[in-house]
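One structure is given below, encoded as structure tokens.
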Amino acid sequence: MELTEAQFHRYARHLILDEVGEEGQAKLLASRVLVVGAGGLGSPLLLYLAAAGVGTLGVIDHDRVDLTNLQRQIAHASDRIGMAKVESARQAVAAINPEIQIEAHEAELGVGNAAELIARYDLVADGSDNFGTRYLLTDACFAAGKPLVAAALAPFDGQLSTFKPYLGAGHPCYRCLFREAPPPDLVPRCETAGILGAVAGVIGTLQAVEVLKEILGIGESLSGTLLMYDALGTRFHRIAVPKDPNCPTCGASLA
Ligand SMILES: [Zn+2]
């Protein structure tokens, strides 16, 4: 793929990097990423991936922009309250980079549409806020053999990992890490527990970096590792996550 004159300018700071260059930029432009959720994590994901020139961005969300979202969901704006989040995100992305294609899916991800949707993308970034979606994506991405860059937020903490369990030994899935979801009443969500908005920005931005690394094939993948961020202590921790040979999702990939 030949870059246009405008693309040489737009992506100039990528092109001078040995790790990206014209070849890497062409990879980004040809890539298709699905972002699940256009909220606190999805906002920085979409904005940075669009700015980086990820050629096609899918976004799925069934919600509308609410005033209480704006404290952290920076893809949205005060004059778009009431608008579908996927449409608001489309406008934000188009304002940054009109070259990229955005595929807006105003729907809830479920067992009925996950496989068909994931099949159309190279990689999935999970910016959802519930365990049902996390496990659904874990199983569907494993079945499809697609990388899943997943994150979770707490009021002053975040977690991040990349899951490529289809690669076999050394590559766990989310279910190897957390076999079962905790009971719903034990899981506070942003709406009820609150969150320091910028924490979502830190984790969503780290997620965008990992997505770009996976597409470019550079650096060290987070697969097999969980990264934890403690905002109040200003600390990052990394722990190794072993693959569970008895994992109901990916255990068989060791056979
Ligand atoms: Zn597993």
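Order of appearance sets the numbers: ligands from 1, and atoms from 1 within every ligand. Just so it is clear, the structure is predicted and the values come from calculations on it, not from any experiment. Worth knowing before you read on, the calculation uses all heavy atoms, side chains too, and leaves out hydrogens, waters and symmetry mates.
- Residues satisfying the ring-ring contact (aromatic ring centres under 6.0 Å, His included) criterion with Y121, sequence neighbours excluded, are absent altogether.
- Between E106 and R64 there is a salt bridge, with a side-chain nitrogen of the basic residue lying less than 4.0 Å from a carboxylate oxygen of the acidic one.
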Evaluate E214 against K146 for salt bridge (charged side-chain N to carboxylate O under 4.0 Å, His left out), listing each step before the verdict. CA-CA 11 Å; E214 291 292 336; K146 304 279 170 85; over 6 Å; no

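- Atoms of the protein (N, O or S only) found under 2.8 Å from the Zn ion (ligand 1) are C173 SG, C176 SG, C247 SG, C250 SG.
- Checking side-chain atoms of R80 against main-chain N and O of A75 turns up a donor-acceptor pair under 3.5 Å.
- Classification of the Y174-F131 ring pair by plane angle, with boundaries at 30° and 60°, yields tilted.
- Each of I195, V202, L196 was checked for a side-chain contact (heavy atoms from CB on, under 4.5 Å) with L153, and the lone residue meeting it is I195.
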